Amino acid sequence: MRIEEDLKLGFKDVLIRPKRSTLKSRSEVELEREFVFKHAGVSWAGVPIIAANMDTVGTFRMAQALAGFGILTAVHKHYSVEDWQGFIQSVTQDVLQHVMVSTGTSDADFSKTKAILALSPALKFICIDVANGYSEHFVQFVSKAREAWPDKVICAGNVVTGEMCEELILSGADIVKVGIGPGSVCTTRVKTGVGYPQLSAVIECADAAHGLGGQIVSDGGCTMPGDVAKAFGGGADFVMLGGMLAGHDESGGKVVEENGEKFMLFYGMSSESAMNRHVGGVADYRAAEGKTVRLPLRGPVENTARDILGGLRSACTYVGASRLKELTKRTTFIRVQEQENRVFNGL
């Protein structure tokens, strides 16, 4: 046993220090980025925000809605090959450019992903998603996927430390998914005692990934547009959002009614709700590591997308970044005890 005593920070622990700017308007800020990925060698341009691969967020409807903003959607892994076929036939190639095919690490997952990718060459992205990216089996699966799909962009995770980020990139990942426990419906930290403050994880993993020519996605912990700006400021190339995109018309959650008011259910993918829905319940050897919450219906996701992108543009103007790519170079974090004046929040 040992203790690391250096400071680790989450988004709530910091604010971005403003700096002089020559920008006259938020409209001058360019949020689109272009990447050429280390292993796949392909290029992609768009707004580097990703809807999370949760079945109450990463739906086909969400992908269609967000593609119009240039935003990616990691479509959840519980759609059938037939579902994918119908989706691909009903949308334009431009939508497919902003879609990630999610998969687990079983042999059945591999076969299913192979069948989905064969449906259209426009599907560029694979999201290999497990809760614990530190297992040797996971690393081996990433290598297997890279060998099978040399020209696909592979996003793999989750991890929170530099050395594991490096190992995944060296094993074939183009993008490493960073985050253990910060999600709004994740209870991993409570159930296991394992985790890492998200901003520090992003800073550490970005440093490791960029040294090898890879990218990272900050996954979890964003509760407001300002957190998205902080994730990019900390060095994230992409930011993945779950709770911020849940509860919308396109989110796919079950709608329930109580006392005449309607709510949408939102739950973690390691929750009892998710396991009951997809694998017949919680296995005897494990505990559920997610919770289920009821969210007021939030209407079309386009309104929330505009709010997030508007906040991000504004953050860039406060530090003089004319492009999102410049934000991390212009970011200085200051540690704080409070984020906002909450005196009227209950009214």
Side-chain angles (χ1 to χ4, degrees), residues 6-35 45-50 69-72 160 162 178-179 182-184 196-211 215-245 302-347:
D6 57 316
L7 190 67
K8 308 296 182 190
L9 299 168
F11 297 133
K12 66 178 174 47
D13 300 314
V14 301
L15 288 170
I16 297 172
R17 184 180 183 272
K19 294 178 179 176
R20 282 179 175 160
S21 171
T22 58
L23 296 171
K24 297 175 184 175
S25 167
R26 294 170 177 83
S27 64
E28 296 179 28
V29 175
E30 177 57 71
L31 295 183
E32 185 174 287
R33 289 201 61 182
E34 184 169 355
F35 296 97
V47 177
I49 292 172
I50 308 172
F69 293 91
I71 294 173
L72 287 155
V160 289
V178 174
S184 57
Y196 208 103
Q198 186 67 4
L199 179 59
S200 288
V202 165
I203 292 169
E204 181 176 331
C205 290
D207 182 61
H210 296 162
Q215 280 87 32
I216 69 160
V217 50
S218 173
D219 176 20
C222 290
T223 62
M224 59 194 77
D227 294 336
V228 180
K230 291 173 190 177
F232 282 121
D237 303 284
F238 297 84
V239 177
M240 180 171 274
L241 303 176
M244 287 181 68
L245 297 177
E302 63 179 296
N303 300 323
T304 297
R306 287 195 180 93
D307 188 53
I308 293 167
L309 299 183
L312 195 50
R313 285 191 189 92
S314 191
C316 288
T317 63
Y318 270 109
V319 297
S322 61
R323 298 183 299 161
L324 180 59
K325 182 179 181 180
E326 299 171 7
L327 181 56
T328 184
K329 296 173 186 174
R330 296 181 180 270
T331 293
T332 298
F333 289 116
I334 53 172
R335 290 178 60 199
V336 296
Q337 295 295 313
E338 64 178 6
Q339 287 286 314
E340 61 174 326
N341 185 332
R342 301 178 63 87
V343 67
F344 293 128
N345 282 33
L347 301 180

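Note that this is a predicted model, so its numbers are computed, not measured.
- Looking only at distances, a side-chain donor or acceptor of Gln198 sits under 3.5 Å from a matching main-chain atom of Val178.
- Without hydrogens or angle criteria, Glu30 side chain to Glu32 main chain gives a donor-acceptor distance under 3.5 Å.
- For the pair Leu199 and Asp13, the minimum side-chain heavy-atom distance is 4.5 Å or more.
- Using modelled atom types, one side-chain atom of Arg330 and one backbone atom of Gly320 make a donor-acceptor pair closer than 3.5 Å.
- Closest of all the heavy-atom pairs between Cys205 and Val160 is SG-C, 3.4 Å.
- Between the side chain of Ser218 and the backbone N or O of Val239, no donor-acceptor pair lies under 3.5 Å.
- Under the 4.5 Å side-chain criterion, counting only non-hydrogen atoms from C-beta, Pro48 is in contact with Phe232.
- To the nearest 0.5 Å, atoms NZ (Lys8) and CD1 (Ile203) are separated by 9.5 Å.
- Here the side chains of Met240 and Phe238 are not in contact, with every heavy-atom distance at 4.5 Å or above.
- Between Thr328 and Gly234, the shortest heavy-atom distance links the atoms OG1-C, 4.1 Å.
- For the residue pair Phe11 and Gly221, the shortest heavy atom distance occurs at CD1-O, 3.4 Å.
- The backbone N or O of Gly162 sits less than 3.5 Å from a side-chain atom of Glu204, completing a donor-acceptor pair.
- Looking at heavy atoms from C-beta onward, Thr317 lies out of side-chain contact with Lys24 at the 4.5 angstrom threshold.
- Looking at Asn345 and Glu340, their side chains come closer than 4.5 Å, going by heavy atoms from C-beta outward.
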Apply side chain to side chain contact (heavy atoms under 4.5 Å, CB included) to residues Phe333 and Ile16 and explain how you reach the verdict.
CA-CA 5 Å; Phe333 289 116; Ile16 297 172; 3.7 Å; yes

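- Atom-to-atom distance recorded for Ile308:CD1 and Leu245:CG is 5.0 Å, nearest 0.5 angstrom.
- The heavy-atom pair separating Leu31 from Arg313 by the smallest distance is CD1-CG, 3.7 Å.
- A 4.5 Å side-chain heavy-atom check between Val29 and Leu312 finds every atom pair outside the cut-off.
- Looking only at distances, no side-chain donor or acceptor of Glu34 sits under 3.5 Å from a matching main-chain atom of Ala45.
- Closest approach of Lys19 to Thr332, counting heavy atoms only: NZ-OG1, 3.1 Å.
- For the atom pair Tyr196 OH and Leu9 CG, the distance stands at 10.0 Å (nearest 0.5 Å).
- Of all non-hydrogen atoms in Leu241 and Cys222, the two that sit nearest each other are CD2-CB, 3.7 Å.
- Residues Phe69 and Arg306 have side chains in contact (heavy-atom distance under 4.5 Å, counting atoms from C-beta outward).
- If you take CG on Asp227 and CE on Met244, they are separated by 7.0 Å, rounding to the nearest 0.5 Å.
- Distance NZ/Lys12 to CD/Gln337: 9.5 Å, rounded to 0.5 Å.
- At distances below 3.5 Å, at least one donor-acceptor pair connects side-chain atoms of Asp237 with backbone N or O atoms of Ile216.
- Atom CG in Leu327 sits 10.0 Å away from atom CZ in Arg33 (nearest 0.5 Å).
- Judged by distance alone, the side chains of Ser314 and Arg26 do bring a donor and an acceptor atom under 3.5 Å apart.
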